[in-house]
There are 2 protein chains.
Amino acid sequence: MISQKAKYALRAIMALAGTKEPVLIGDIAEQENIPKRFLEQILLDLKHQGLVMSRRGRIGGYFLVRPPEDITIGEVLRTIDGPLAPLPCLSKMAYRACDDCDDEATCRVKALFADVAEATRRALDQTTFADAIAKKHPLVRARR
Amino acid sequence: MISQKAKYALRAIMALAGTKEPVLIGDIAEQENIPKRFLEQILLDLKHQGLVMSRRGRIGGYFLVRPPEDITIGEVLRTIDGPLAPLPCLSKMAYRACDDCDDEATCRVKALFADVAEATRRALDQTTFADAIAKKHPLVRARR
DNA sequence: ACCATCTCGACCGATTTTGTCAAGTTATAT
DNA sequence: ATATAACTTGACAAAATCGGTCGAGATGGT
Ligand code: FES
Ligand code: FES
């Protein structure tokens with residue numbers, strides 16, 4: 001299960017996917033039904049990760065750095081929920097030794113999950129936001 | 001990331017995979033380095049799920065109901081950690097509506113995760129304990 | 001200069017995780 | 001029958017995580 005925070009992040013990016021213009025945090029929050037102050041945190045995390053950029057001041061707001069077809073679910077989930085591997089010792093991006101396993105080389109749990117980890121990693125890093133948008137009809141843009 | 005509890009459960013099943021004889025909780029706990037009282041809970045959950053059986057009394061202990069090659073990671077993870085789908089609305093075994101999504105049919109988040117959920121589900125439900133045991137043994141010094 | 005807007009860090013209640021413990025119940029050997 | 005080894009159940013609790021709020025500050029357009 002992904003966290004609610006991650007779900008908000010994904011929706012926020014969807015909201016940015018339609019335009020090149022900066023979008024206000026408040027507008028995203030209202031449109032996607034996300035608590036505004038919480039969304040601020042989330043967008044800030046995404047910015048620190050380099051997924052989005054922001055402009056301050058009068059005509060400020062957030063916008064995507066890359067086009068939606070170049071952004072994967074994996075990137076967003078890693079940023080918000082942390083490593084997505086089932087075990088720390090199987091994470092390619094954020095490897096950590098399992099502190100309760102003596103010998104990683106012969107660990108049966110690690111062996112058990114090797115293929116699973118690879119499969120989910122591939123799935124998450126290959127699915128982009130363009131996939132979702134193409135699959136569903138685009139949302140109606142009633143705002144001005 | 002799977003929970004520590006799930007990891008314990010997997011190791012416990014590995015410990016049972018080698019024999020048809022009942023194994024004591026205490027023996028599993030010592031061999032796999034699991035807090036005994038905690039392991040009791042875990043094995044009880046697995047028993048309620050029908051994955052293992054127990055015999056009481058003098059020569060008691062736990063043993064597998066089915067052979068290791070018929071037990072998948074998915075079953076164990078579902079029992080201990082709950083639904084393994086990334087979203088409640090995508091769980092085949094434990095469907096739940098997403099309370100923060102108005103229209104599930106046009107939900108872009110759900111669409112985004114459809115393929116990912118299917119891929120991970122397949123991986124988890126196809127990998128059995130026999131896979132890990134078979135894969136692990138060749139790691140011993142036989143190869144050079 | 002003004003003000004809308006983003007930025008940063010601290011804080012907070014509820015829930016989940018990771019266990020512990022006490023008091024049973026049951027089956028087996030002798 | 002009795003002792004005993006083992007499983008069973010439910011309550012309890014410290015620590016971490018989750019979901020969210022808040023105040024104060026920094027920044028840029030007009
Ligand atoms: S080393 Fe990571 S699970 Fe054993
Ligand atoms: S309906 Fe499940 S994520 Fe929208």
Side-chain angles (χ1 to χ4, degrees), chain A residues 1-12 15-16 21-30 32-65 77 79-84 86 88 96 98-100, chain B residues 1-12 16 21-30 32-65 77 79-83 86-88 98-100:
Chain A
M1 290 282 182
I2 70 171
S3 68
Q4 187 66 24
K5 197 173 174 183
K7 199 166 167 182
Y8 288 156
L10 295 166
R11 290 220 292 246
L16 299 181
E21 300 301 305
V23 184
L24 302 189
I25 290 185
D27 285 357
I28 305 176
E30 189 185 353
E32 300 290 340
N33 225 354
I34 304 172
K36 187 186 169 194
R37 303 306 289 273
F38 198 25
L39 180 59
E40 291 179 10
Q41 275 186 20
I42 295 167
L43 286 171
L44 208 49
D45 286 345
L46 294 176
K47 175 180 182 177
H48 288 153
Q49 183 60 27
L51 270 165
V52 303
M53 286 288 273
S54 65
R55 195 162 78 194
R56 298 210 237 202
R58 195 100 190 179
I59 317 263
Y62 274 93
F63 51 94
L64 293 183
V65 166
L77 254 47
T79 303
I80 304 297
D81 282 351
L84 41 77
R96 260 186 45 227
C98 296
D99 38 337
D100 65 328
Chain B
M1 291 280 182
I2 71 172
S3 69
Q4 188 65 22
K5 196 175 175 182
K7 198 167 167 181
Y8 288 157
L10 295 166
R11 289 219 293 245
L16 299 181
E21 301 300 306
V23 185
L24 304 188
I25 290 185
D27 286 356
I28 305 175
E30 189 183 353
E32 301 290 340
N33 226 354
I34 305 172
K36 187 187 167 192
R37 308 304 283 278
F38 197 24
L39 179 59
E40 291 179 10
Q41 279 184 17
I42 295 168
L43 286 170
L44 209 48
D45 286 345
L46 294 176
K47 177 181 179 176
H48 288 152
Q49 181 61 25
L51 270 166
V52 304
M53 287 285 276
S54 66
R55 193 162 84 194
R56 300 211 235 200
R58 192 99 188 172
I59 316 265
Y62 274 92
F63 51 94
L64 292 183
V65 166
L77 254 47
T79 302
I80 303 297
D81 281 351
L87 298 167
C98 296
D99 38 335
D100 64 329

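Below, chain A is the first sequence line, B the second, and so on; all start at residue 1. Values reported hereafter were calculated over all heavy atoms of this structure, with side chains retained and with hydrogens, waters and symmetry mates removed.
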Restricting both atoms to N or O, compile the protein contacts to nucleotides 25-27 of chain D shorter than 3.5 Å, with distance only.
from	atom 1	to	atom 2	distance (Å)
D:dT27	O4'	A:Arg56	NE	3.2
D:dT27	O4'	A:Arg56	NH1	3.4

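By the 4.5 Å heavy-atom criterion applied to side chains, B:Met1 and A:Pro86 are not counted as neighbours. Between B:Phe63 and B:Ser54, every side-chain heavy-atom pair lies at or beyond the 4.5 Å cut-off. Looking at A:Tyr62 and A:Val23, their side chains never come closer than 4.5 Å, going by heavy atoms from C-beta outward.
Straight-line distance from the CG atom of A:Leu77 to the P atom of D:dC18: 12 Å, rounded to whole Å. Atom-to-atom, CD1 of A:Ile2 to P of D:dC18 comes out at 13 Å; the value is rounded to the nearest Å. When rounded to the nearest whole Å, the span between CD1 of B:Ile25 and P of D:dT8 equals 7 Å. In this structure, B:Leu46 places its CG atom 15 Å from C1' of D:dC7, rounding to the nearest Å. Distance, A:Lys5 NZ to D:dG20 P: 11 Å, rounded to whole Å.
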In sequence, state the C-alpha distance, the side-chain angles, and the governing distance for A:Ile2 and A:Lys7, and then conclude on side-chain contact (heavy atoms from CB on, under 4.5 Å). CA-CA 7 Å; A:Ile2 70 171; A:Lys7 199 166 167 182; 4.2 Å; yes
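For B:Asp81 (side chain) and B:Ser3 (main-chain N/O), a donor-acceptor pair under 3.5 Å exists by modelled atom type.
Of the candidates B:Asp45, B:Leu44, B:Leu64, B:Leu64 is the only one forming a side chain to side chain contact (heavy atoms under 4.5 Å, CB included) with B:Val52. Residue A:Leu51 is tested with A:Thr79, A:Leu16, A:Val65 for a side chain to side chain contact (heavy atoms under 4.5 Å, CB included); the sole match is A:Thr79.
When the side-chain nitrogen and oxygen atoms of B:Ser54 are compared with OP1 and OP2 of D:dA6, none of them lie within a distance under 4.0 Å. For D:dC18, the OP1/OP2 oxygens have no side-chain nitrogen or oxygen of A:Tyr8 closer than 4.0 Å.
First and last contacts of DNA chain C with chain A, using any nucleotide atom under 4.0 Å from a protein heavy atom and ordered 5' to 3', fall at C:dA4 to C:dA10.
With respect to A:Arg11 and B:Asp100, a salt bridge is recorded, a charged nitrogen being found less than 4.0 Å from a carboxylate O.
With sequence neighbours left out, the side-chain contact (heavy atoms from CB on, under 4.5 Å) criterion links B:Glu30 to no other residue. The side-chain contact (heavy atoms from CB on, under 4.5 Å) check on A:Arg37 picks up A:Glu40, with sequence neighbours excluded. With sequence neighbours excluded, the residues that form a side-chain contact (heavy atoms from CB on, under 4.5 Å) with A:Ala9 are A:Ile42, A:Leu46, A:Val76, A:Ile80.
Where A:Ile59 and A:His48 meet DNA chain C, the nucleotide closest to each residue was compared, and A:Ile59 sits on the side nearer the 5' end.
Nucleic acid contact for A:Gly26: none, since no nucleic acid atom lies under 4.0 Å from a heavy atom of the residue.
Within a heavy-atom distance below 4.0 Å of DNA chain C, the residues of residues 37-45 of chain B found are B:Arg37, B:Phe38, B:Gln41.
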